[in-house]
Amino acid sequence: MKPEFENIPLINTGSRFEIEFNGHLAFIDYREMGSQIALNHTEADLLISGTGAAAAVVEKTLHYIEDHHKKALPFCPYVASFIKKNPEWKRVVDERFHGYDQL
């Protein structure tokens, strides 16, 4: 994660994890199901596109999932791609997730 994002808090709205950067949002829509959290869609405001904000919200969300002893279901292609590029995060993915072997 780029240093400019390290001290930005992750906000949990109950259906979305988000961070605010320069007055704009990057977020992940999610659904919690018991011990699993389905990560469905990641988006960053166009004005912060390319800054690393989307990657930061993904990494902060994965930390949240791990800290809360949950397992991720990375349905969002961006999240799945992030985990492929950072395989140490595969540890928080539920091994029963369809596509686990491709991560």
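All residue numbers in this chain count up from 1 along the given sequence.
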Hydrophobic cluster membership, with links at side-chain heavy-atom distances under 4.5 Å among I/L/V/M/F/W/Y: are [X] and [Y] in one?
{"X": "Val58", "Y": "Ile8", "result": "yes"}
{"X": "Phe17", "Y": "Ile19", "result": "yes"}
{"X": "Val57", "Y": "Leu25", "result": "no"}

>> Can you give me the closest heavy-atom contact between Phe97 and Pro74, atom names plus distance?
In response: CZ-O, 3.4 Å

With rounding to the nearest 0.5 Å, note down the distance linking [atom1] in [X] to [atom2] in [Y].
{"X": "His63", "Y": "Met1", "atom1": "NE2", "atom2": "CE", "result": "5.5 Å"}
{"X": "Lys60", "Y": "Asp67", "atom1": "NZ", "atom2": "CG", "result": "11.5 Å"}
{"X": "Asp29", "Y": "Glu18", "atom1": "CG", "atom2": "CD", "result": "9.5 Å"}
{"X": "Phe75", "Y": "Leu39", "atom1": "CZ", "atom2": "CG", "result": "9.0 Å"}

[X] vs [Y] side-chain heavy atoms within contact, under 4.5 Å:
{"X": "Val79", "Y": "Thr61", "answer": "no"}
{"X": "Ile83", "Y": "Leu62", "answer": "yes"}
{"X": "Phe21", "Y": "Glu4", "answer": "yes"}
{"X": "Tyr64", "Y": "Ile37", "answer": "yes"}
{"X": "Lys71", "Y": "Arg96", "answer": "no"}

>> Are there over 12 heavy-atom neighbours, none belonging to Glu95, within less than 6.0 Å of that residue's CD?
In response: no

Check: residues 43-52 side-chain donor-acceptor pairs under 3.5 Å, at least two apart:
residue	atom	partner	partner atom	Å
Glu43	OE1	His41	NE2	2.8
Asp45	OD1	Leu47	N	3.0
Asp45	OD2	His24	ND1	3.4
Thr51	OG1	Ile48	O	2.7
Thr51	OG1	Ala53	N	3.3

Could you give the side-chain donor-acceptor pairs of residues 86-93 under 3.5 Å, partners two or more places apart or in another chain?
residue	atom	partner	partner atom	Å
Asn86	ND2	Phe82	O	2.8
Lys90	NZ	Tyr100	O	3.2
Lys90	NZ	Leu103	O	3.4
Arg91	NE	Glu66	OE2	2.6
Arg91	NH1	Glu88	O	2.7
Arg91	NH2	Glu66	OE1	3.1

>> Checking side chain to side chain donor-acceptor pair (under 3.5 Å) between Tyr30 and each of Asn40, Asn12, Thr42, which is the one that passes?
In response: Asn12

